[in-house]
Structure formats: C-alpha cells, structure tokens
Amino acid sequence: MTEQNPGNIQAQGAENAALENNCAAVLSVADTVRTTLGPKGLDKLLVDELGNRFITNDGATIMLSIKTVHPVAKLVVEIADRQETKVGDGTTTAVVLAAEMIKEGKRLIADVGIHPTLVVSGIELGIQRSIELFKQKAVKINMKDASLAQVISTAAGSRMDGNQVVSLVSEALNILKNPKEKKEMVDLKKSIFLINNPVLEDMVFDGIVIQRQFFDQQIPDKMENVKAILLKIDLKEIKESLVKEVRNYDEIVRMKESQTKVTKEISDSICKTGAGIVFVSSVHADEQLLSNLLEKNIMLIHVSNEELLNIANALDVQVVRRKEDMGKISAGTFKSVYYDEEKGLFFLENHGQRKMVTIIISGVTKVTSQERWRAVKDGISAAQSALTEGIVAGGGAVELYISERLKEENLNSGVDSMGIEVVAHALSSIMRQILTNAGFNGSEKMAEIKNKSGEYGIDINTGKEENMFEAGVVDSAGIKINALKSAAEIVKAVLRIDRILIAHSPHNAVVGKSSNETILKDK
Ligand code: ADP
Ligand code: MG
C-alpha cells in the first residue's frame, strides 16, 4: 500500500479509476429513478425472476427491488431505504441530489485535480448552510391550516393514482382535528390505522375497524354506547396435558379449584366495569370464563397486539397486563359497535374524543391497491413532517432559491467555494428534473423565473411561473432537509473512497479508504 501525500495530484491518478467506477455506479442507480421525480414522472414496470409484474413510480420501491451488485450502488440503496423508513417520502429527491453532487464532485477531483478532502469539506459547509436556509424558509402550520391538505396532495399526488387517495387522507385529518383538545400536536402515524384490501371499498371511518370473521360467536348487529376493556393477560384454562402429568388426585382438584376461583375473580371484575366487550390478545380463553361472560351478554374478542394498542389509543385507557390489576380496570366507551358479516369487518366508532381513524384502501388489483396504499402513506408522512417542521414551496422552488443564495454568499468563500458550488448545482437540479420529466426544457424554463424569493416556480400543468403556495404545490421542510442529509451521506462516502478491495472476512473489511488511511484494518 502506498502512502499518499494529500496534496499530490499525480499520485491520485490511479485512484481516479476507482472514483470513476463508483460514480458511474451511483449515476446508473440514480438514472433508473430520476425520471420518476414529480407528478409527471414516468412509471417503471418491475419484473421479478418468477415473471411477476409490478408497476410503480416510487423511487424507494424501485431501488429496493432492483438487483445491485456494486457495493457503492448498494450504499445508495441503503441510504434511500433509510430515508424511506425515517421520513417516509423524498427518496427520489435524495438520490437525484446525491447523483448531481457526485457528478460535480468527481469532476472537481478527477478533471480539475482538487483534493477530495477539500471538496468534501466545502460540500459539508454548503449542506449546513442549506439546512439553515430551509429552516428559515419553513412556514409553521397546524392541523387547522388549509395548506395541510396541499402538502398531502403534493406528496400523494406525485404518485400513480395518488390524486384518488388525497381525499381519504384529508378526510382522516378532518376527523382527528379535535376542537375540544387544546394541544394541537397529533401523532398522525399512530392515529391513522390503514387497512389495505383490494376486495373492500375505499373508506374513512371515525374509529377503528377490525378485519375478523367470527364463526363461533353471536355478534349483535349494532350496539350503542358500548363500554370496552382491554386485557393482555393469559386466560388459558389448565391444560389437559398438565392435568395428566399431575397424578395426585388431590393436587388436580386443588388446581381446578384455584383455577375456578381465579376465573370467577376475573369475570367478577370484568362485570363490575360494566363493559360490553372485552378485547384480549391471548388466543385461548378459559371455557368457564367464556360462559360466565356470555351469561352477562359480554363479548370476548381476540385481537392482535397492534389492534389492542390501537384500541387502547382510541379509548385512551390502559391495557391490563396483570391479574392483580384487574380490580383497577377502567373502561372506555365506543359510540357504537357493529359488525358487517359479509365483509368480515368489525366497526368500533369513536365517542367524543377522536383519537383514532381508519382508512380502508382498495384497488382494482392487489398491485394497484398497494400503490394506492403507498400514496396514502406518503400523504400521512408529509403531513406529519409538515406539522412538526413547517412547509416550503414545492416543485423545486425552494431548492432553486437556496441554490441562488449559496452562489451569492459563496463569492468570498475561498477554498471551500467549489464544494459549496457543488451543493448549489445539485439543489437547482430538482426543479430542472421535475420540469424535464414533465416534457419541458428544464434549464430554459427555469431561466423564465424572475421572482427568485423561494415561492415561485413553474406550474407543470400550465408551464407558467406561479407562486407555488398559491398553486397549492407545497412540501414539508423536514422531508427536504432529510433528503439533503441522506444525499450528503452518500456523497461524502463516495468521494472519499479511492479503492474497493475484497476482504477475507467481513470483520476485516472497510469499504474503502480515504486517500491517506489504511484500507484494511486487521483486528
Ligand atoms: P420523492 O420520492 O422525492 O418524494 P416524488 O416523485 O414524490 O419524489 O416528487 C416529489 C417532488 O415533486 C417534490 O419536489 C414536489 O414539490 C414535486 N411536485 C409535486 N407536485 C408538483 C406539481 N404539481 N408541480 C410541480 N412539482 C410538483
Ligand atoms: Mg414523494
């Protein structure tokens, strides 16, 4: 391994081959998704080894589905995945930003001969400043602002069939807007329960819907003002096998007696709460307990752990986890409870406080219902992020503004100026790409924008300059900031890698090396 002098351009010659190769890998991944950016982006048809077909225009889905072998391309996929999991949207934006920064950064390193460390430190400064500017430009909103619906329609509307589901998310938010509650903040991801089923019809329900077929239980059609309690306690009876193992007759009798006593205690404390329904997460329940409850017209319904938590959230009551706590149970009330036998759906309608809402998402086929589900999820993620971090003009307008600011401020930045320029270039590429995908000449159209205050961009439907807030094209600032941070992670890593070596074992591997670090570290 050769030691490198950081300033020695000649010595970098050999390493540039690795840089070229890595950049090409990133760009090829980016090229597969960049044409999907924005509402007029094109869809991709994915075909797997078994011939299953799948149409999507979701950057994250495409990237996670394609087979990448190149380690650096895998890094891009990983970062896109992280963006998707962390904020739920903005994946394509992150990849396009990364690709543009890498393209420019590579040009500076390979063609102009600037050392990677200098380029990377300039990029870091540019990113920091951009994040400050994003925050400055962010407009705070709350649940009651009309712009919340615009954020949802911008996020969901840039997907295939997205426009069809915008109203579902808006309707769900309308239900959650609780006029009685002073606290504005609602955790949307916890408060909106999604059911994705092509056989059903689209629906927003003011409460919780449970998909369940009740074969062995008589469920009345509709009940009103029903009290409910939630148990996460094992309600199993003494198992036959256990009884067989205990040979001593007295012992069996004693066990049975104590079981009967416990069962009676449990059913008595349930009765005391006045509950009409008991939700339990354990699969089995003691026969005696069931018949005690049935006598009193109390239904026992098995639900999953997730459903149990959602119900607890809706009713704002605790789940009882220990038999000893049975005496202190508090019940919550549903306005009504009804069962649709044909569809196998159990509806639990909210009373007064509206803490949970369910969206049922259908589709003509399983694939379209999944794509519509993703659009709903994007709408919710964008709304959540907008409520916490504010909104900015969409369509690449705020990115163009920040790009211009960076260029202006950059005039005297000395050695870092080139890295900052890389960030400025990448930010302006978002609008260019959205316009290009909509069939315009991106650069030409962008030159038409006179008001570069961060609100103005091109309405892709008319091709004219518009105030994006007025046109209803608004994004969440948080998603943009995260996309930029995700992109920066890939860029810094890729520009600093000058070699990829095959390691003997994963423990010894360090993906690459920065120009003056050792490549393989033996432990
Ligand atoms: P990502 O995976 O990054 O979320 P999308 O394909 O969802 O990519 O595109 C998001 C971008 O599309 C955002 O910059 C958003 O502002 C922009 N966009 C959405 N609707 C419009 C519109 N009507 N006109 C212009 N840009 C839009
Ligand atoms: Mg999106």
Side-chain angles (χ1 to χ4, degrees), residues 30 32-44 56-64 79-81 83-84 86-100 134 137 147 150-163 165-166 169 371 374-383 385-386 391-402 426-440 442 445-446 449 454-484 486-487:
T32 48
V33 293
R34 69 163 76 233
T35 53
T36 68
L37 186 68
K40 301 234 171 155
L42 299 175
D43 301 331
K44 304 276 177 237
T56 183
N57 74 351
D58 173 34
T61 310
I62 297 166
M63 274 184 288
L64 294 176
I79 287 182
D81 186 25
Q83 168 80 11
E84 183 67 11
K86 204 166 156 202
V87 279
D89 194 18
T91 322
T92 319
T93 304
V95 175
V96 170
L97 285 172
E100 292 300 321
F134 268 122
K137 274 281 157 192
S147 44
Q150 297 177 332
V151 177
I152 298 165
S153 87
T154 307
S158 63
R159 280 182 176 277
M160 197 170 70
D161 297 337
N163 285 323
V165 302
V166 169
V169 184
E371 189 67 15
R374 272 190 284 271
V376 168
K377 202 184 57 53
D378 276 5
I380 298 171
S381 301
S385 169
I391 53 169
V392 288
V398 75
E399 287 95 332
L400 182 64
Y401 163 81
I402 295 175
L427 285 168
S428 70
S429 72
I430 296 299
M431 186 185 282
R432 195 173 306 113
Q433 190 68 52
I434 293 173
L435 291 173
T436 307
N437 291 352
F440 295 106
K445 272 276 155 223
M446 281 164 76
I449 300 175
E455 285 81 34
Y456 282 76
I458 303 287
D459 179 340
I460 53 163
N461 295 315
T462 60
K464 299 223 166 67
E465 183 184 7
E466 290 269 7
N467 179 320
M468 295 314 241
F469 285 109
E470 282 163 19
V473 182
V474 281
D475 284 324
S476 127
I479 289 177
K480 300 262 166 211
I481 292 173
N482 254 292
L484 190 60
S486 305

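The figures that follow rest on heavy atoms only: side chains count, while hydrogens, waters and symmetry mates do not. When a ligand or atom number is given, it counts from 1 through the structure's own listing order.
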Review point. Looking only at heavy atoms, is any part of Asp378 under 4.0 Å from ligand 1, and if so is it the side chain, the backbone, or both, or is it neither?
Key: neither

Review point. Got a second to check how far Ile430's CD1 is from Lys480's NZ, nearest 0.5 Å?
Key: 6.5 Å

Review point. Which is the closest N/O/S atom of Asp89 when seen from the Mg ion (ligand 2)?
Key: OD1

**Study point:** Reported CG-to-CD distance for the pair Asn461 and Glu466, which is rounded to 0.5 angstrom
**Key:** 9.5 Å

Exercise for review: Without swapping roles, check the side chain of Ser476 against the backbone of Ile479 for a donor-acceptor pair under 3.5 Å.
Suggested key: yes

Practice item. Run down the list Pro39, Ser381, Ser153, Gly90 and name the one with the heavy atom closest to atom 18 (N) of ligand 1. Key: Pro39

Study note, to complete from the structure: atom 9 (O) of ligand 1 sits nearest the protein heavy atom Gly38 N, 3.1 Å

Check your understanding: Short N/O distance, under 3.5 Å, between Ile430 and ligand 1?
Key -> no

Review point. For the side chain of Ser385 and the backbone of Ser381, is there at least one donor-acceptor N/O pair under 3.5 Å apart?
Key: no

Exercise for review: Enumerate the atoms of ligand 1 whose separation from the nearest heavy atom of Thr92 is less than 4.0 angstrom.
Suggested key: 1 (P), 2 (O), 3 (O), 8 (O)

Review point. Given that the side chain starts at C-beta and the backbone is N, CA, C, O, which of these parts of Asp475 lies under 4.0 Å from ligand 1, counting heavy atoms, or is it both or neither?
Key: side chain

Practice item. Return the residue, atom name and 0.1 Å-rounded distance of the protein heavy atom closest to atom 7 (O) of ligand 1. Key: Ser158 OG, 2.7 Å

**Study point:** Sub-3.5 Å N/O-N/O distance, Ile460 and ligand 1
**Key:** no

Review point. Are any of the N or O atoms of Gly394 closer than 3.5 Å to those of ligand 1?
Key: no

Point to revise | Option whose closest heavy atom lies nearest to atom 4 (O) of ligand 1, chosen from Ile62, Asp89, Val87 | key: Asp89

Exercise for review: Give a yes or no on whether the backbone of Arg34 and the side-chain of Asn437 come within a donor-acceptor separation of less than 3.5 Å.
Suggested key: yes

Point to revise | Any donor-acceptor N/O pair, Thr36 side chain to Val33 backbone, under 3.5 Å | key: yes

Check your understanding: Checking side-chain hydrogen bond (donor to acceptor under 3.5 Å, both in side chains) for the pair Thr91/Gln83: CA distance, chi angles, key distance, verdict?
Key -> CA-CA 6 Å; Thr91 322; Gln83 168 80 11; 5.8 Å; no

Point to revise | Donor-acceptor pair, side chain of Thr154 and main chain of Gly472, under 3.5 angstrom | key: yes

Check your understanding: Does the distance from a Lys or Arg side-chain N to an Asp or Glu carboxylate O, for Lys377 and Glu84, drop under 4.0 Å?
Key -> yes

Practice item. Would you confirm whether Ser428, through its side chain, and Leu400, through its main-chain N or O, come within 3.5 Å as a donor-acceptor pair? Key: no

Point to revise | Residue pair Ile458, Ile449: steps toward the side-chain contact (heavy atoms from CB on, under 4.5 Å) verdict | key: CA-CA 8 Å; Ile458 303 287; Ile449 300 175; 3.9 Å; yes

Exercise for review: Considering the heavy atoms of Thr36, write down every atom of ligand 1 situated less than 4.0 Å from one of them.
Suggested key: 6 (O)

**Study point:** Check: Lys480 N/O within less than 3.5 Å of ligand 1 N/O
**Key:** yes

Practice item. Provide, to 0.1 Å, the distance between atom 19 (C) of ligand 1 and the closest protein heavy atom, together with that atom's residue and name. Key: Thr154 CG2, 3.3 Å

Practice item. Note the single closest protein heavy atom to atom 11 (C) of ligand 1, along with its residue, its atom name and the distance in Å. Key: Ile434 CD1, 4.0 Å

Point to revise | Nearest protein heavy atom with distance in Å, relative to atom 8 (O) of ligand 1 | key: Leu37 CD1, 3.4 Å

Check your understanding: Any N or O on Thr93 sitting closer than 3.5 Å to an N or O of ligand 1?
Key -> yes

Review point. To the nearest 0.1 Å, how far is atom 26 (N) of ligand 1 from its closest protein heavy atom, and which atom is that?
Key: Gly395 CA, 3.2 Å

